Amino acid sequence: MRTISVEDLLGRLIDSLADRFAERASGLLKASGGGRGAARVAAKGGKRGARAGRKLDMSCRVDGCKNQSRGPRFGFICDDHRKKLSKKDQVAAREAFKAKSAA
């Protein structure tokens, strides 16, 4: 007859409990929609959002300007034109860029 040590018994018990916990947690996550968004997207192997993976056009929106803007926070207008143009002129430049790029 083979004797089972206390360590072996405890190891089996802990493994069994860990497996049950993992099964139950994964079942709950699947039922609730998957948990956190980034983890769910990463698990699917995809990217987030419609524009995911595409680069932003960081050029200045003023016609003929070759400078790089500082991005959406600054309205895609370069530093030079943000200093020189009024707010109305900046908005007009953005609208003209939208109209030009939409056509």
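In this text, all values refer to a predicted model and were calculated from it rather than measured experimentally. Values below: all heavy atoms of this structure, side chains included; hydrogens, waters and symmetry mates excluded.
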Rounded to the nearest 0.5 angstrom, the CG-CZ distance for Leu85 and Arg61 is 14.5 Å

Supply the atom-to-atom distance Arg82 CZ to Asn67 CG, rounded to the nearest 0.5 angstrom.
11.5 Å

Main chain of Cys78, side chain of Ser69: is a donor-acceptor contact present, judged purely on distance under 3.5 Å?
no

Are the charged groups of Arg12 and Asp8 less than 4.0 angstrom apart, N to O?
yes

Centre of Phe74's six-membered ring, under 6.0 Å away, within 45 degrees of the axis: is that where NZ or CZ of Arg70 sits?
yes

If you take all heavy atoms of Gly75 and Arg94, which pair is closest and at what distance?
O-NE, 2.7 Å

Distance from Ile77 atom CD1 to Cys60 atom SG, nearest 0.5 Å?
5.0 Å

Results of side chain to side chain donor-acceptor pair (under 3.5 Å) for Asp15 - residues two or more places apart only
none

Above 12 or not: heavy atoms from other molecules or residues under 6.0 Å from CG of Asp19?
yes

For Ser59 and Gln68: C-alpha separation, side-chain torsions, deciding distance, then whether side chain to side chain contact (heavy atoms under 4.5 Å, CB included) applies.
CA-CA 5 Å; Ser59 62; Gln68 187 173 5; over 6 Å; no

Once you round to the nearest 0.5 Å, how far does CG of Asp57 lie from CZ of Phe76?
7.5 Å

I need the Glu7 CD to Ile14 CD1 distance, nearest 0.5 Å.
11.0 Å

Here the side chain to side chain donor-acceptor pair (under 3.5 Å) pairs for residues 84-93, sequence neighbours left out, are Ser86-Asp89

